[in-house]
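This one's a predicted model, so the numbers in the text were calculated from it and none came from an experiment. So you know, we letter chains A, B, ... as the sequences are listed, proteins then strands, and number each from 1. Hydrogens, waters and symmetry mates play no part in the numbers below; they use all other heavy atoms, side chains included.
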Amino acid sequence: MTELRAAIEAFLFVAGFPLSLEKLVDLTEADKTDVKEAIVGLMNDYSRPHSGIRLLEIAGGYQFRSDPTLAPRLRRLQKERVQRLSAAGLETLAIIAYRQPVTRPEIEYLRGVDSGGVMKTLLERNLIRILGKKDVPGRPLLYGTSRYFLELFGLKDLNDLPTLKEFAALEPELAEALPLEPSDR
Amino acid sequence: MTVDIRLEKFSGPLDLLLHLIKSQEMDIYDIRIVEITEQYLTIIDQMKQLDLDVAGEFLVMAAQLIHIKSRMLLPSSEDLAEEEGEDPRAELVKRLLEYQRYKQVAAVFEQLPQLERDVFLPQGDFTDLLFDNSPQDVELTISVYQLANAFHQLMSHVQPEVFHEVVRENLSVTDYIARISRRLIEHSRISFRDFFQPGAQRGELVVTFLALLELARLRMINIEQVATFSDLWLTRVASEDQLQHLPLAEEALDYD
């Protein structure tokens, strides 16, 4: 059991990217419940205050990440400044995250502004992806968030997003998403 | 009252409106439309006087505000035939509230510990070593956009041809499919990059890419990626026999 835990720890350490439970079962050739138990044990080990590394559930897998409180120190290692997402970028990403699959006209109706440039940047940064085409005249592309979106923000899955109801006191009928009426431009 | 606002600060007209409503301490459900419209138009005017390019969306919103204002001023009680009792501001209020939510969510995203900004990963790259073809290996599905992007990167390394020489090259997608198929029979898994020989002409690259797309479409290959931004891998999923007897007809491919 301790050996299994050690092996999983090493696999996760070496991989760097999130490894799913299934993947770890496959790699260790161990029983699924044992693997799960070992992961929980490891997560507890790494949540101790003196550890600078955390084991987190990210994008459907498990991954070692540095503790966010150490960010100011670790940033010294960075060669170049990270490109921050603009306010428009975050706003568009928020709409796509909650409304996916969503088309560009729908996004633009909600934001009240042309969003082509922002969406191109989000696509290039691999934060959103094209899910298909909507079955309406013009067949507009449908957009959704990517797996990298979850990785970037350290989310388990899309259900890990805060529920929209937590934001702004709303009238009950508004708590549900608005029916979208893309602008008639 | 002077309003000193820089439009670039706002991500759009809804953002600007929301700011005006807040700074006037108005109730979003009961916007004093005359006041807001006036302020909004003042700001747009100031921008124009400064010769700044006011984005079209800001003007569209100005028109909408004036329209709402005019509807509010019309005596409505006599006019029962028209949409019964609908507040002319209703749609705008809904849009503002919905927009406000996403703006709040965006602020929450900004606070989350972000990779490479607040949280860091080890730098080793063993991605390919950890890759295997086990069936439960649910890897990233590659979208056409990512594929096109990978191809675009390859193309950018090819020197543009300086001399313009017209040579009729007979590049056939069918031939390339056959060529790729033979390679896939030898090795069941090949990196995307390996298909494109360095020094190849652009035309060859294009045909190779089309051949790969065709094979993917016929479900002869899988295109996968172990981790975001890592290499793309092509895996043969069809049997040798299937690959050797592809129902290909040059005319059907229609890539002339």
Side-chain angles (χ1 to χ4, degrees), chain A residues 11 13-17 19-20 22-23 25-27 63-68 70-71 74-75 77-78 82 84-88 90-91 93-95 97-98 109-114 123-124 126 129-131 146-148 151-155 161-162 164 167-168 170 174 177-178 181 183 185, chain B residues 9-15 17 28-29 55-58 60-61 91 93-95 97-110 112-127 129-130 132 134-138 140-141 143-146 149 226-230:
Chain A
F11 272 124
F13 172 72
V14 168
F17 57 89
L19 291 180
S20 65
E22 291 71 29
K23 182 79 193 180
V25 168
D26 188 47
L27 288 167
Q63 185 179 38
F64 280 122
R65 297 187 156 200
S66 68
D67 189 294
L70 298 171
L74 289 172
R75 276 189 203 119
L77 290 173
Q78 279 179 317
V82 239
R84 285 196 166 212
L85 279 168
S86 64
L90 283 166
E91 197 178 286
L93 199 53
I95 292 174
Y98 284 90
Y109 174 76
L110 286 171
R111 295 190 60 223
V113 74
D114 180 276
L123 269 172
E124 278 165 4
N126 221 340
R129 61 202 177 100
I130 295 161
L131 301 176
S146 65
R147 176 162 132 167
Y148 182 65
E151 290 182 35
L152 182 74
F153 291 104
L155 301 168
L161 288 168
L164 270 187
F167 296 96
L170 293 170
L174 278 167
L178 264 188
E181 302 153 49
S183 56
R185 272 182 290 139
Chain B
K9 245 180 62 189
F10 297 93
S11 70
L14 290 172
D15 202 12
L17 267 184
I28 202 162
Y29 291 99
E57 293 93 355
F58 285 93
V60 171
M61 181 56 78
E91 200 220 336
V93 170
K94 272 193 193 171
R95 284 183 71 184
L97 285 171
E98 184 77 358
Y99 174 75
Q100 184 176 248
R101 290 206 288 180
Y102 294 114
K103 203 171 138 68
Q104 284 165 331
V105 175
V108 171
F109 280 2
E110 174 63 28
L112 287 173
Q114 274 177 44
L115 261 193
E116 314 268 288
R117 189 190 73 177
D118 315 301
V119 164
F120 300 87
L121 299 174
Q123 298 297 306
D125 188 1
F126 295 90
T127 48
L129 293 175
L130 278 157
D132 67 0
S134 62
Q136 60 271 69
D137 212 3
V138 188
L140 300 185
T141 341
S143 74
V144 175
Y145 182 85
Q146 279 163 290
N149 207 23
V226 183
T228 319
F229 302 122
S230 72

Notebook entry, point to check: Hey, what do you get for CZ (A:R65) to CG (B:D118), rounding to the nearest 0.5 Å?
Noted result: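 Here the rounded value is 10.5 Å.
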Check: Hey, what do you get for CD (B:E98) to CD1 (A:I95), rounding to the nearest 0.5 Å?
Finding: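 Rounded to the nearest 0.5 Å, the CD-CD1 separation comes to 8.0 Å.
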Margin query: With side-chain contact (heavy atoms from CB on, under 4.5 Å) as the criterion, how do A:L110 and B:Y99 come out once you've worked through the C-alpha distance, each side chain's angles and the decisive distance to 0.1 Å?
Written below: CA-CA 6 Å; A:L110 286 171; B:Y99 174 75; over 6 Å; no
Next item on the list: Please flag which part of A:L131 lies under 4.5 Å from any non-hydrogen atom of chain B: side chain, backbone, both or neither.
Entry: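 It is neither, since no heavy atom gets under 4.5 Å.
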Exam field: side chain [X] to backbone [Y], donor-acceptor pair closer than 3.5 Å:
{"X": "B:E57", "Y": "A:D114", "value": "yes"}
{"X": "B:S11", "Y": "A:A88", "value": "no"}
{"X": "A:R75", "Y": "B:R117", "value": "yes"}

Next item on the list: Name the option with the most non-hydrogen atom pairs under 4.5 Å to chain B; the candidates are A:S66, A:P68, A:G154.
Entry: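 Going by pairs under 4.5 Å, I would pick A:S66.
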Check: If you tally heavy-atom pairs under 4.5 Å against chain B, which of A:A97, A:S146, A:A94 wins?
Finding: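 The option with the most such pairs is A:A94.
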Margin query: Please determine whether side-chain contact (heavy atoms from CB on, under 4.5 Å) holds for the pair B:L14 and A:R111, giving the CA-CA distance in whole Å, both sets of side-chain angles, and the decisive distance to 0.1 Å.
Written below: CA-CA 7 Å; B:L14 290 172; A:R111 295 190 60 223; 5.7 Å; no
Notebook entry, point to check: Which residue, A:L85, A:L152, A:L90, forms the side chain to side chain contact (heavy atoms under 4.5 Å, CB included) with B:F109?
Noted result: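 The passing option is A:L90.
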Check: Should the pair B:R95 and A:Y109 be classed as cation-pi, given the thresholds of under 6.0 Å to the six-membered ring centre and 45° from the axis?
Finding: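 Pair B:R95/A:Y109 counts as cation-pi.
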Checklist line | Chi angles and distances behind the side-chain contact (heavy atoms from CB on, under 4.5 Å) call for B:Q114, A:F153 | finding: CA-CA 5 Å; B:Q114 274 177 44; A:F153 291 104; 3.5 Å; yes
